[in-house]
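Working notes for the structure below.
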Amino acid sequence: MSGKVPGLQINGVSSGVNPSYSIVLRGYRSITGNNQALIVLDNVIVPNSVLGNLNPADIADITTLNGSSAAALYGSRAANGALIVTTKRGSAQKPEITLSQTISAQSVGFYPGIQKSYGSGTDAYVQTYTQYENQQYGPKFDGSIKELGEFPLPGGEIQKVPYAWNAKEGKLNFWKPALTSQTDFSISAPTGGNRGKIYMSAQYVDANGTLEGDRYKRTAVSVGGNQDIIEKINLDYSARYTQNVYNQASNLASIYDLILNSPGQVPLTRYKNWQVDSFAMPNYYYNAYYNNPYFLKDNERTNTTNDYLVSNLGLKYSPASWLSFIGRLGMTSRFYEVQNWQEVFLYNQYAKDHTNGSYKKSDIKGGYSKSSGRESTLIGDFIAQFKKSNIENFDFRANLGVQIIQDRSSGLAGGISGLAVPGLFNLSNNTSPASASDNIALSRTMGLWGELYATYKKYLTLHLTGRRDQVSVLDPEFNKFNYSSADLSFIASDAFSSIKDNTPINLLKFMVSTAKTGNVNIGPYSTLPIFGQASGYPYSGNVGYSIDNRIVTQGLKPEFTYSNEFGFELEMWRSRLRSAFTYYTSKTKNQTLPVSIAPSTGYTSLLTNTGITSARGVEATLGVIPYRTHDAEIGISVNYTYNDNRVDELGITDLDKFRLFSYGNGTGVYAAPGKSYPALYATAHLRDSATGKIIVDKTTGYPILDPTIKYMGRTQPLHRVGVNLDASYKAISLRAVAEYRGSYVIYNAMGTTTDFSGAGINTVMFDRNRFVFPNSVYWDAAQNKYVDNTNITVAEGGPNYWSLSSTRTGMNENYVTSGAFWKLRELALSYELPAKLWNFKVVKGATISLVGRNLIMLVPKTNVYTDPEYSDAGTGNYVGLNSMSQNPPNRYYGGTITLKF
Amino acid sequence: MKKLIIYLFLGVMLFAAPSCKKFFDINKNPNRPTAGISEDLILPKTIVEWANFMPSASAYGEEVVGYTTNAGGVSGWGSFVSYAFTPGNWNGNWTVPFDNLTDIKVVIDKAKEDQSFALLGAAAKIMKAIHYQFLVDTYNNVPYTQANLGLKELTPSYDNGPDIYKSLANLLDSAIADINGASSGAKVLNSAMDPLFKGDMTKWKKLANTIKLRLIIRGGDKVSFDNKSFSSDGFLTEDAMVQPGYTNVDGKLNPTWGRVYSVSGSAVGGVWQQRVPSFFTLGFYDGNKVSDKFRGNLVYRSYPTPGVNMLGRDPGDDAGAKVKAPNDWFIAFGTPSATNYAAIGIVKGPSAAQPIMLASESYFLQAEAALKGIINGDVKNLFNTGILESFKYLNKNESGANSTLFVNSTNGKLSATGGTGIIAINQQTEFDAYLAEGQNSINYLVNFDLATTNEQKLEAIITQKYIALNNIFGHEAWNEYRRTKYPVSVSPPTYPATRYTSIVSLQSQSTAPDRLPTRIQYPQNEFIYNGENVKQQKGQAADGGISVYLDKIFWAK
């Protein structure tokens with residue numbers, strides 16, 4: 001869907017067999033609260049992850065609703081907008097059975113920039129080959145045969161490899177192409193007495209990942225239908241059950257780190273069988289400081305099982321033509337179980353005695369943890385619908401509703417550090433007491449809402465909504481709040497017949513709206529400080545408690561967003577041209593922020609309402625069908641989004657920025673008044689404030705670290721463009737989706753590793769020679785000013801510059817790149833096989849299609865790291881940071897055969 | 001029809017409305033208590049938290065006063081050798097005490113409203129005095145009357161050190177009064193509530209008197225105390241040791257042991273693993289200034305040649321300056337490890353008790369008080385008992401009893417078994433031998449009678465206190481040095497000439513005449529979140545704020 005709907009941004013925030021998605025409409029407005037859009041599936045609120053597990057073939061319709069309209073219907077948790085998804089209910093004509101099989105492959109589509117000229121070595125000034133090094137600052141590749149490894153095997157053998165870039169077995173081959181198989185089956189049929197319809201489906205997916213050993217399986221069954229029970233009463237129901245199971249390597253960041261720290265001549269893929277092959281065993285692994293990534297991949301793993309159950313039941317009673325009552329009950333449940341383990345590994349004495357490094361000296365004691373729990377949401381609606389038409393040119397529609405939502409969750413986790421017996425992953429296999437934790441949560445919301453549509457002569461419509469929410473998570477005196485919206489739409493092309501008669505315009509519609517929405521973004525039980533055991537308690541049966549460090553202000557209130565928008569829709573030439581345009585502004589006040597306070601108050605954080613953010617933007621689409629005949633059609637649509645979020649003020653004296661997330665040195669994502677939100681700050685080079693040029697030391701030529709972190713830019717794209725192409729000729733159809741995002745920055749944490757290790761392509765920018773730092777100045781004491789540096793080179797152009805924190809890796813702005821990209825999101829070609837090919841009366845139709853996704857990704861030359869969509873934050877707000885926790889991005893290609901019976 | 005609709009709808013609304021209150025009254029936290037924790041469950045945490053903090057508190061003093069110094073083979077020392085302390089250094093010295101004071105306040109407030117908690121409240125008051133004396137000794141002026149008020153005061157103003165000292169002395173008096181005046185129905189402290197004295201209120205009163213004595217001696221004539229008298233309970237006669245049940249489990253280790261080994265047995269990196277003793281400190285054992293073979297072997301595993309260096313000196317490849325893994329203060333026979341240790345000296349074991357004040361410190365305080373006429377007593381006797389108690393403490397094993405190891409009476413080396421000339425460990429024997437060891441018989445720092453002037457007597461008392469506190473309470477040694485300038489240290493430092501006689505760093509950036517720092521900076525958090533108030537603390541730094549080289553704690557010389 002990404003790229004198809006303006007304003008909707010879907011980020012695939014991680015890779016792997018079960019990637020997760022962040023779904024955001026109109027940017028980030030809440031600083032600490034949830035900014036994700038609400039997902040409603042068949043009138044049931046479901047967690048974000050259900051969307052990733054849904055079979056697209058089951059979807060009948062997806063509508064995106066922006067904040068105010070969604071909040072009126074679903075309450076404050078829809079304040080960020082909602083994706084309303086309805087699944088198929090079947091066909092009322094004849095039964096139809098569909099069976100399809102998809103096979104797709106994925107392989108790495110974008111590798112980080114790796115240098116292919118230098119191998120193992122760590123010495124400065126004189127490039128020396130060191131045969132057990134992880135760093136790659138050695139001499140240039142020359143093809144000669146060199147020894148590899150820290151020490152010979154006990155039998156005396158030592159590896160010898162050619163000192164040249166190993167393209168076939170080198171580190172970039174660690175990730176292997178993977179395969180996914182998906183089988184879908186569905187039945188759609190009318191039901192008894194032709195008064196209803198039913199749709200049933202089943203799906204089975206089996207996939208492995210580019211990291212060998214990763215495995216993912218999913219099974220899903222669903223049923224949905226609609227039935228007129230007796231005259232005037234209609235029943236709508238759906239139920240779906242999905243189970244996914246996946247087994248993955250758990251320590252992705254460390255695996256990637258080990259891979260990057262393998263010099264280019266090393267035949268890394270030969271070390272796959274570390275249990276059997278001597279040179280692959282961790283005891284004898286060639287690298288003194290970094291272990292075998294295949295070992296780590298196999299030694300630390302996680303197993304997850306999720307069961308989702310989503311069901312809804314709705315009854316509609318229409319006693320009169322102008323009146324209907326709807327009663328609905330929906331339920332989502334998620335049951336999960338996650339196990340993480342690390343197996344025991346003991347290094348032998350030979351390795352411990354001979355190694356120069358430290359990892360072979362520390363035996364791995366192992367560990368295991370398990371967590372399980374369930375989350376469920378219950379939502380009940382009772383709605384009365386009124387309709388009156390043709391009263392003096394007016395039509396009226398009104399809905400009044402009561403909605404009750406209950407969220408319940410409970411979780412249990414236990415862990416042990418150190419396994420007594422290797423290979424047994426169970427909490428009883430402990431060497432020291434297991435730790436345990438236990439959490440339950442229950443919260444409720446009730447909303448009373450109403451909406452009114454008043455239409456004059458069918459072309460002017462006024463729509464008003466109002467809602468009153470009451471929530472359990474706030475203190476009783478402050479837990480009710482109201483919000484409302486109003487919008488007006490005017491279909492000019494119906495009002496003035498001359499438009500349709502005299503111009504090619506067949507639809508011209510204007511809309512304007514204003515809304516106030518409330519959003520509660522604290523969890524249950526947050527209004528009182530808690531006591532917890534501390535200082536090591538309990539000891540031998542005695543307990544000791546301490547009060548928590550967070551206090552909450554009296555009367556914490558929800559955040560309120562005030563938004564306005566206007567727009568128009570225009571269709572011309574019998575809708576051969578369709579366009580829509582919306583301009584919106586909004587302000588969010590009363591942000592709920594945990595503000596840090598002086599420890600001398602006895603506490604370190606205060607949760608209070610403060611801070612204002614604002615947003616404004618444009619969403620525009622233009623679609624044309626330039627060519628249409630009886631047999632063929634070509635359609636192109638382009639959508640453009642401009643979205644600017646800012647923090648207006650934080651409202652806290654002496655605080656110039658609020659930290660959402662940062663690393664120890666201060667680099668991170670912040671909310672800063674006056675700046676775009678979220679904002680990226682990073683450690684930077686010290687610069688001459690007059691010219692902005694980097695200051696270097698006059699003697700060493702090296703740059704200097706600025707003690708304060710600097711603003712780098714916004715981490716959300718300012719501009720987004722989606723391009724869709726739909727073409728069909730007779731039985732063949734082609735679809736392509738491309739997306740562009742631009743004007744934002746990201747921080748690639750991987751850069752510190754590519755530079756430290758010497759694997760990064762940037763490190764050979766000057767061919768490891770001494771160089772004059774570009775665009776730099778130095779302080780000339782004689783002239784008492786900064787002078788342009790044209791001739792002072794760095795003292796050393798190898799590891800003494802590239803790998804050290806004081807000169808390069810500590811200035812994190814070196815790894816801040818533009819996040820801009822063009823992606824070919826999807827390319828699909830399908831062919832409906834002609835009926836005369838089929839002799840069987842049974843088969844009524846067959847389609848073959850080929851699909852490729854993420855086939856092409858174009859990024860600026862400076863981005864030699866990874867996919868800018870990746871985010872360490874997942875669905876959290878501190879977007880803008882990615883790291884080695886995400887594997888290189890994949891491209892997907894495959895084919896499907898569908899048969900209809 | 002219409003009526004039916006209206007009734008139906010009203011019915012739904014009515015159903016929805018009043019059941020509201022109970023429906024939403026579900027916000028009581030089922031996972032953690034938010035109230036109703038009896039204060040007798042909070043008091044023990046405050047005591048253990050302070051005990052667990054002692055090693056970090058000691059560390060900042062250890063580095064300045066010579067107990068530890070930079071070792072060879074490591075680089076990047078920064079403020080350790082330059083003394084250029086910034087608001088980013090040693091923030092724990094501020095945040096940990098203030099955090100613990102919140103819980104202490106809960107107990108004191110409870111005792112005010114409920115008389116049956118009188119004894120707990122008194123213990124909490126004594127803990128409060130200990131915390132605040134530490135804060136004032138480290139930062140001079142700190143928030144006191146406006147501190148720990150939570151929402152009522154988000155930016156507390158600072159009180160002056162001398163005023164706080166005076167108030168603390170009164171607080172200790174009221175604690176003793178509370179204990180003496182507690183009704184018979186008052187809650188009695190048991191060992192669960194009181195991991196320090198196991199409910200012995202006399203010992204609490206002794207502790208209160210000792211802290212008050214320390215306040216009076218340190219405050220000197222800069223504080224106008226309401227009274228300088230002490231209750232008849234006297235002063236601490238035993239080490240004040242906290243023992244909640246430390247054991248070799250994550251989070252429950254004896255904190256001193258936790259500086260060396262983790263539960264899984266792997267050595268803890270940083271700090272002691274990258275430090276060696278200084279020549280200055282070693283000189284008080286190896287005969288360069290004083291000879292002390294018994295305590296030398298109890299404190300340094302490789303005595304008389306532990307790793308050793310001078311602060312600020314880069315020893316290059318000098319093997320003598322390298323750390324003997326895991327560190328030089330860990331006593332063991334053979335290869336030291338988490339399972340092979342002698343259970344004696346400073347690092348006794350994972351389940352050993354943690355001292356918060358040593359008996360020897362109490363006796364040295366009394367000796368100085370008797371010298372100055374604040375109390376009555378035999379100065380020499382108190383002085384000798386102080387040294388004796390130090391031997392006794394170092395001889396204690398992991399369970400707090402006298403160690404069953406043996407010691408060679410000739411060279412002081414510890415031994416697992418007895419033999420000719422190898423005797424059972426006994427502090428009196430060791431002390432008697434100490435008085436006659438090497439050149440000690442003509443040294444007034446050891447034999448008190450040889451000290452003729454009051455200055456020499458004071459120097460002897462403080463110097464022996466310095467030796468007794470070695471690597472246990474570095475912050476107290478640093479306090480006493482700043483107050484008295486003892487043990488004697490010369491300036492400017494040079495290597496090798498003054499290596500035994502100067503604690504000053506060779507890379508000192510201090511602009512003070514003696515090249516030493518005077519204090520550390522207020523912490524980062526105060527500048528960010530309480531900026532107005534911390535900036536009111538004026539000093540001699542270039543920006544008008546506190547200078548870590550020139551602004552002294554009010555009682556410093």
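Chain identifiers are assigned alphabetically (A, B, ...) following the order of the sequence lines, protein sequences preceding nucleic acid strands; residue numbering begins at 1 within each chain.
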field: Cation-pi geometry met for B:R32 and A:Y525 (6.0 Å, 45°)
entry: no
Any donor-acceptor N/O pair, [X] side chain to [Y] backbone, under 3.5 Å:
| X | Y | value |
| --- | --- | --- |
| B:D103 | A:I547 | yes |
| B:T102 | A:G602 | yes |
| B:N31 | A:I440 | yes |
| B:K45 | A:Y545 | no |

- prompt: Once you round to the nearest 0.5 Å, how far does OG1 of A:T601 lie from CG of B:N530?
  reply: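 Those atoms lie 8.5 Å apart.
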Rounded distance (nearest 0.5 Å) linking atom CG of B:N100 with atom OG of A:S546: 7.0 Å
Any residue meeting ring-ring contact (aromatic ring centres under 6.0 Å, His included) with A:Y347, in chain and number order, not counting sequence neighbours: A:F345
query: chain A heavy atoms under 4.5 Å from B:P97: which part of the residue, side chain, backbone, both or neither?
result: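 No part of it gets close to chain A.
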query: Which bit of B:K28 comes within less than 4.5 Å of chain A, counting heavy atoms only: side chain, backbone, both or neither?
result: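 Only the backbone of B:K28 comes within 4.5 Å of chain A.
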field: Taking every non-hydrogen atom, the tightest pair across B:I37 and A:F531
entry: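 Of all heavy-atom pairs spanning B:I37 and A:F531, the closest is CG1-CG, 3.7 Å.
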Under 4.5 Å from any heavy atom of chain B - which part of [X]:
| X | answer |
| --- | --- |
| A:L528 | both |
| A:I530 | both |
| A:D475 | neither |
| A:T431 | neither |
| A:N549 | side chain |

Which one of [options] has the most heavy-atom pairs closer than 4.5 Å to chain B?
| options | answer |
| --- | --- |
| A:A598, A:P476, A:S472 | A:S472 |
| A:S540, A:P538, A:P524, A:S432 | A:P538 |
| A:N542, A:D363, A:N439 | A:N439 |

task: Indicate yes or no: at least one non-hydrogen side-chain atom of B:V48 is less than 4.5 angstrom from one of A:Y539.
output: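 Result yes, sub-4.5 Å side-chain heavy-atom pair found.
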- prompt: Side chains of A:S600 and B:E526: does their closest heavy-atom pair fall under 4.5 Å?
  reply: yes
field: Counterpart residues, side-chain hydrogen bond (donor to acceptor under 3.5 Å, both in side chains), relative to A:D381 (two or more places apart)
entry: A:Q403
